[in-house]
Amino acid sequence: MRQWMKAQPSGPLKSRVEGDSLRCTLKVAAWEDSDAPPEDPGETVALVIGTAGRGRAEIRVQYEEADYEEHKRSLVVQRAVKEAMKRVELELQNHLGS
């Protein structure tokens, strides 16, 4: 069992507009070393997916399948997933408000 010491949303928020719908994704990466260098991309442990269209929005979290239960129980990962969900939610609200 891995012990994640650091986790955070990773990379840019990727958005794609199709008609009046928006789909955006944001990766969550984790590291076993809390002092990992900034250039280390870490291991992707979850993907936050948001969709918006027709006045509705939905956010889902897809955890890495191989270690699903481990990632879901990790408080460090959960904190990073929550932060990623807030960023995705803001993007979806901006789309629905326009």
Side-chain angles (χ1 to χ4, degrees):
M1 185 168 148
R2 297 175 116 172
Q3 184 72 18
W4 301 116
M5 301 303 289
K6 175 181 167 186
Q8 63 188 35
S10 174
L13 178 67
K14 296 180 182 177
S15 298
R16 185 176 71 220
V17 176
E18 296 173 356
D20 66 341
S21 297
L22 172 72
R23 177 183 168 93
C24 51
T25 58
L26 184 58
K27 291 180 182 179
V28 175
W31 295 263
E32 291 182 276
D33 180 8
S34 61
D35 296 329
E39 63 274 359
D40 180 359
E43 182 176 327
T44 299
V45 294
L47 181 65
V48 177
I49 304 163
T51 55
R54 298 188 199 130
R56 294 184 32 195
E58 176 183 57
I59 298 175
R60 296 181 292 122
V61 179
Q62 181 178 347
Y63 292 95
E64 187 64 37
E65 196 171 320
D67 300 315
Y68 174 81
E69 287 299 325
E70 182 180 325
H71 299 324
K72 197 172 166 189
R73 281 194 307 261
S74 170
L75 294 178
V76 172
V77 171
Q78 288 306 306
R79 204 171 300 124
V81 165
K82 188 174 181 179
E83 182 181 335
M85 288 177 73
K86 285 180 183 178
R87 288 176 53 187
V88 169
E89 180 183 22
L90 182 62
E91 184 73 14
L92 295 177
Q93 287 175 346
N94 288 339
H95 177 75
L96 290 173
S98 59

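Along the sequence shown, the residues carry numbers beginning at 1.
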Query raised in the report: Using a side-chain heavy atom cutoff under 4.5 Å and only I, L, V, M, F, W and Y, what cluster partners does Val76 have?
Result: none

Requested in this report: Measure the spacing between CD of Glu64 and CD of Glu70 and express it to the nearest 0.5 Å.
Outcome: 11.0 Å

Query raised in the report: Can you list every pair that meets salt bridge (Lys or Arg N to Asp or Glu O under 4.0 Å) and has a residue in residues 85-95, with sequence neighbours left out?
Result: none

Query raised in the report: Which residues satisfy the side chain to side chain contact (heavy atoms under 4.5 Å, CB included) test with Ala80, sequence neighbours excluded?
Result: Ala7, Pro9, Val28

Query raised in the report: What about Val61 and Leu26, same hydrophobic cluster or not, with Ile/Leu/Val/Met/Phe/Trp/Tyr joined at side-chain heavy-atom distances under 4.5 Å?
Result: yes

Query raised in the report: Can you hop from Val45 to Leu13 via hydrophobic side chains spaced under 4.5 Å?
Result: yes

Report task. Any pair with a residue in residues 16-36 that passes ring pair (Phe, Tyr, Trp, His ring centres under 6.0 Å), sequence neighbours left out, goes on the list, sorted by first then second residue, please. Result -> none

**Report entry** Test side chain to side chain donor-acceptor pair (under 3.5 Å) applied to Arg16 - qualifying residues, sequence neighbours left out
**Finding:** Glu18

Report task. Check whether Val48 and Val17 end up in the same hydrophobic cluster, where Ile, Leu, Val, Met, Phe, Trp and Tyr are linked by side-chain heavy atoms less than 4.5 Å apart. Result -> yes

**Report entry** Residues which pass side chain to side chain contact (heavy atoms under 4.5 Å, CB included) with Arg79, listed by chain and number, not counting sequence neighbours
**Finding:** Leu75

Query raised in the report: Minimum heavy-atom separation for His95 to Asp20, with atom names?
Result: NE2-O, 3.1 Å

Report summary line: Looking only at heavy atoms, the pair that brings Met5 and Glu32 closest together is CG-O, 2.9 Å

Query raised in the report: Just wondering, more than 12 heavy atoms not from Glu65 lying within 6.0 Å of its CD?
Result: no

Query - Set of residues satisfying ring pair (Phe, Tyr, Trp, His ring centres under 6.0 Å) with respect to Trp4, sequence neighbours excluded - result: His71

Query raised in the report: When hydrophobic residues are tied together by side-chain contacts of less than 4.5 Å, even through go-betweens, does Leu47 share a cluster with Ile59?
Result: no

Query raised in the report: Of all heavy-atom pairs between Leu22 and Ser15, which one has the smallest distance, and what is that distance?
Result: CD1-CB, 3.9 Å

Query raised in the report: What pairs of residues pass the side chain to side chain donor-acceptor pair (under 3.5 Å) test when at least one of them lies in residues 41-55, not counting sequence neighbours?
Result: Arg2-Glu43

Requested in this report: Determine the minimum heavy-atom distance between Ser10 and Ala29, stating which atoms define it.
Outcome: CB-CB, 3.6 Å

Requested in this report: Determine which pairs satisfy ring pair (Phe, Tyr, Trp, His ring centres under 6.0 Å) with at least one residue from residues 46-67, sequence neighbours left out, and list them in order.
Outcome: Tyr63-Tyr68

